[in-house]
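Working notes, structure below.
Both backbone and side-chain heavy atoms feed into the values below; hydrogens, waters and symmetry mates do not.
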There are 2 protein chains.
Amino acid sequence: MNKPTIRDVAERAGVSTATVSRALNEPRSVSDELKEEVMEAIEELNYKPSSLAQGLKTNMTNTLALVITDNESPFYAKIMRGVEDVALENDYSLFVSNTDEELKKEKLYLEKLQDKATDGIILAPTGRSNEKLNHLLEFNTPIVFIDRWLEELKDRVDTVLANNLKGSYQAVEYLLQKGHERIGIITGVKQVVSSEERLEGYKKALKDKEISIKDELIVEGSYTIEGGVNALKTLLSLKERPTAVFVTNGKMTMGALKLLREKGYTCPDDLSLVSFDDFEWFSILNPPVTAVRQDSYEIGTKSANLLLKKINSGNNESTESVFRVGTELVIRNSVKKV
Amino acid sequence: MNKPTIRDVAERAGVSTATVSRALNEPRSVSDELKEEVMEAIEELNYKPSSLAQGLKTNMTNTLALVITDNESPFYAKIMRGVEDVALENDYSLFVSNTDEELKKEKLYLEKLQDKATDGIILAPTGRSNEKLNHLLEFNTPIVFIDRWLEELKDRVDTVLANNLKGSYQAVEYLLQKGHERIGIITGVKQVVSSEERLEGYKKALKDKEISIKDELIVEGSYTIEGGVNALKTLLSLKERPTAVFVTNGKMTMGALKLLREKGYTCPDDLSLVSFDDFEWFSILNPPVTAVRQDSYEIGTKSANLLLKKINSGNNESTESVFRVGTELVIRNSVKKV
DNA sequence: TAATGTCTTGTAATCGTTTACTCAACTTTA
DNA sequence: TAAAGTTGAGTAAACGATTACAAGACATTA
């Protein structure tokens with residue numbers, strides 16, 4: 001059976017297509033009798049207006065896109081939830097895609113989105129600028145960044161992200177309170193703000209306690225499990241080992257814990273650990289891991305609401321530009337007092 | 001700046017819109033000179049054909065939809081990855097939505113998809129039939145089920161799912177080998193095949209060893225963390241406790257482990273445990289959890305490929321109807337010998 | 001009663017593509 | 001050299017909605 005069109009409905013109800021359209025879009029302008037006839041026909045045929053045709057005519061598709069780096073990460077999975085909930089509430093559908101931190105894939109997806117005529121895009125940029133993004137901006141597609149931003153576009157695109165500096169500061173401050181002074185940090189992907197900010201929080205906390213910052217204690221883990229493993233390996237091979245590490249995202253924490261287990265080290269006895277990102281399963285680990293929780297669901301809802309506001313206002317200028325979402329240190333048992 | 005249309009390109013290249021369209025869709029039918037002119041104009045304007053208009057004309061949108069119950073579950077997150085990878089390879093975009101096991105949300109999303117004119121849908125049905133699904137089928141939208149199916153639609157819709165019975169059987173067989181005889185099972189959502197099959201595997205393994213099946217050892221956990229907690233509570237409150245439990249999905253395993261920790265029980269000393277679903281973090285738990293791994297990535301790729309085949313063949317009849325993906329028992333340390 | 005305004009409805013153009021038809025300009029063939 | 005075939009282009013009609021415009025039927029007003 002073919003999908004019914006507005007013409008089928010019109011015919012069945014004995015009215016013009018204009019009347020059907022009006023019955024649906026501005027019900028008050030149609031008489032009650034006709035309205036009823038129309039609705040009946042719609043019901044009988046299971047008619048739903050074609051979004052394609054509507055979109056073509058109205059230039060609105062009621063579609064958003066979420067472009068993240070990895071939907072398997074609980075961090076992004078929760079963000080996606082937030083975005084989806086807001087989208088659903090406002091009757092928008094959602095495209096989702098993963099870039100795997102690859103600029104190439106980011107470009108590819110943005111290009112596809114250009115022609116899908118998405119009403120707006122929420123993007124976690126991989127870090128470098130790219131021409132497809134500029135095309136989209138030229139054509140006034142509303143865009144909101146999450147978790148990261150691009151320096152060159154900072155004044156044209158709003159960003160929603162956690163208060164990385166504060167969260168990071170709290171984590172390291174906590175380690176200091178517990179008596180640790182030789183604290184390693186495993187950092188994320190270079191050129192990505194969230195990563196840089198977390199490093200800064202670490203430095204600031206140390207500085208405030210007048211503890212010198214040692215380059216050897218700063219190791220890059222590039223936000224992956226493997227990276228976490230290797231970075232911790234490096235830290236553990238230091239002549240003078242750190243007594244604690246601050247791991248700046250959940251995936252790398254997973255890697256770090258894996259390595260500790262393999263090497264037969266126990267946490268926190270041999271090494272204390274605090275993680276940025278708090279995953280659900282942290283609480284059933286042995287020991288339960290102390291972590292900085294960022295409210296990723298809120299990053300999702302906030303960015304989606306922001307995007308919708310832009311779409312609806314038709315105003316594509318950003319005013320406030322950076323929106324911070326709170327963090328919270330969840331203290332468990334992976335840090336020992338020294 | 002406004003999005004350039006095919007007319008803008010045609011004008012700039014000094015040809016008709018038909019030529020532009022042909023240059024893009026059947027390059028051999030256009031002379032090299034004109035083709036070059038056209039391509040140049042396209043480049044200069046950053047022109048991308050409007051999918052909306054194309055879709056309206058051709059009835060193909062190059063869009064798939066994935067409707068799952070929970071993208072935060074690693075099981076579905078991996079499936080999504082599989083689907084996305086296949087989609088990207090074939091130049092399709094992907095809508096994703098969560099039903100939270102709610103029939104109401106399932107209906108809502110399916111209804112939205114009807115008018116978006118998605119080329120095909122991959123659905124993890126919540127378990128009960130629904131009229132929106134029937135509408136879609138009436139209008140010949142290709143659909144593939146994953147992880148579950150609906151009895152009434154079994155002959156009209158193909159399904160891709162794990163070999164639940166075998167995986168389950170292996171898990172319980174393993175427990176039996178280790179000397180356990182009083183084995184509890186925490187089952188999933190009722191009316192859902194994957195859940196029923198896992199229960200059956202459990203029963204079959206017991207029967208084959210001529211161990212009687214006790215109703216009190218079968219408790220429903222409805223696939224949620226909370227459910228896992230409560231179900232295990234029930235099992236532990238039995239006069240005669242089981243020495244092992246088989247937990248039939250990863251989320252409930254999380255709940256079970258949570259409860260054990262709270263109660264101060266240790267695994268496997270106080271209770272052995274095997275999980276259906278193998279999550280990445282199982283290996284860093286204490287003890288690492290023995291689990292049945294289902295290749296969810298393959299469920300994703302297989303279902304997507306199947307769907308694409310249906311879309312391309314225009315043939316919406318299902319022939320084989322059920323596709324099974326292998327499982328594997330990953331033995332770690334959560335089962336002790338008795 | 002005629003003029004004016006309001007309320008409903010229909011007609012037809014339009015959004016940006018694709019594609020069935022045409023047709024002119026060459027090639028080929030006998 | 002004339003008939004037939006091949007190529008490469010353009011014209012214009014869809015696809016399924018929305019909406020400016022027109023117009024008929026009433027109600028209102030002077």
Distance check needed: [N] [atom2] versus [X] [atom1], whole Å only.
{"X": "B:E11", "N": "D:dG10", "atom1": "CD", "atom2": "P", "value": "13 Å"}
{"X": "B:N25", "N": "D:dA9", "atom1": "CG", "atom2": "P", "value": "16 Å"}
{"X": "A:D8", "N": "D:dG16", "atom1": "CG", "atom2": "C1'", "value": "10 Å"}
{"X": "A:K3", "N": "D:dG16", "atom1": "NZ", "atom2": "P", "value": "10 Å"}
{"X": "B:E26", "N": "C:dT18", "atom1": "CD", "atom2": "C1'", "value": "10 Å"}
{"X": "A:M60", "N": "C:dG16", "atom1": "CE", "atom2": "P", "value": "14 Å"}
{"X": "B:I6", "N": "C:dG16", "atom1": "CD1", "atom2": "P", "value": "11 Å"}
{"X": "A:L56", "N": "C:dT18", "atom1": "CG", "atom2": "C1'", "value": "13 Å"}

Output yes when A:D100 and B:R81 qualify as a salt bridge under the 4.0 Å nitrogen-oxygen rule, no when they do not. yes
So B:N59, base contact, sugar-phosphate only, or nothing? Heavy-atom distance under 4.0 Å.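 No contact at all - B:N59 keeps every heavy atom at 4.0 Å or more from the nucleic acid.
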Contact class for A:V20 (heavy atom, under 4.0 Å): base, sugar-phosphate, or nothing?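 Since no nucleic acid heavy atom lies under 4.0 Å of A:V20, the category is nothing.
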5' precedence on DNA chain D between B:V30 and A:S21 (nearest-nucleotide basis): B:V30
Name every donor-acceptor pair, under 3.5 Å, that has one atom in a side chain of residues 15-22 of chain A and the other anywhere in the protein, sequence neighbours excluded.
from: A:S16; atom 1: OG; to: A:A18; atom 2: N; distance (Å): 3.4
from: A:S16; atom 1: OG; to: A:T19; atom 2: N; distance (Å): 3.3
from: A:S16; atom 1: OG; to: A:T19; atom 2: OG1; distance (Å): 3.3
from: A:S21; atom 1: OG; to: A:N25; atom 2: ND2; distance (Å): 3.3

I want to check one thing: is the phosphate of D:dT7, taken as OP1 and OP2, less than 4.0 Å away from some side-chain N or O of B:S31? no
Under the side-chain hydrogen bond (donor to acceptor under 3.5 Å, both in side chains) rule, collect the residues that match up with [X], sequence neighbours excluded.
{"X": "A:E152", "answer": "A:S129"}
{"X": "B:N62", "answer": "none"}
{"X": "A:S194", "answer": "A:Y223"}

Please enumerate all residues that pass salt bridge (Lys or Arg N to Asp or Glu O under 4.0 Å) together with A:D115, with sequence neighbours excluded.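 Listed in chain order: B:K48.
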Salt bridge (Lys or Arg N to Asp or Glu O under 4.0 Å) with A:E37: which residues, sequence neighbours excluded? none
Per-helix bend value, the helix from C:dT1-D:dA30 to C:dA30-D:dT1, C1' rotation axes over five pairs per end, 10° rounding, shows 50°
Show me the pairs that pass ring pair (Phe, Tyr, Trp, His ring centres under 6.0 Å) and involve residues 117-138 of chain B, at least two apart or across chains.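 Output for this query is empty, none listed.
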Tell me which residues in residues 32-54 of chain B put a heavy atom below 4.0 Å from DNA chain D, sorted by number, or none. B:L34
Please write out each protein N/O paired with an N/O of nucleotides 11-14 of chain C under 3.5 Å, distance rounded to 0.1 Å.
from: C:dT14; atom 1: O2; to: A:K57; atom 2: NZ; distance (Å): 2.8

Supply the atom-to-atom distance A:L123 CG to A:T99 OG1, rounded to the nearest 0.5 angstrom.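 It is 7.5 Å, given to the nearest 0.5 Å.
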Which salt bridge (charged side-chain N to carboxylate O under 4.0 Å, His left out) pairs, counting each pair once, include a residue from residues 7-16 of chain A, with sequence neighbours left out? A:R12-A:E44
With A:F95, which residues qualify under ring-ring contact (aromatic ring centres under 6.0 Å, His included), at least two apart? B:F95
Donor-acceptor side-chain pairing of B:T63 and B:D119 below 3.5 angstrom: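 No, no side-chain donor-acceptor pair sits under 3.5 Å.
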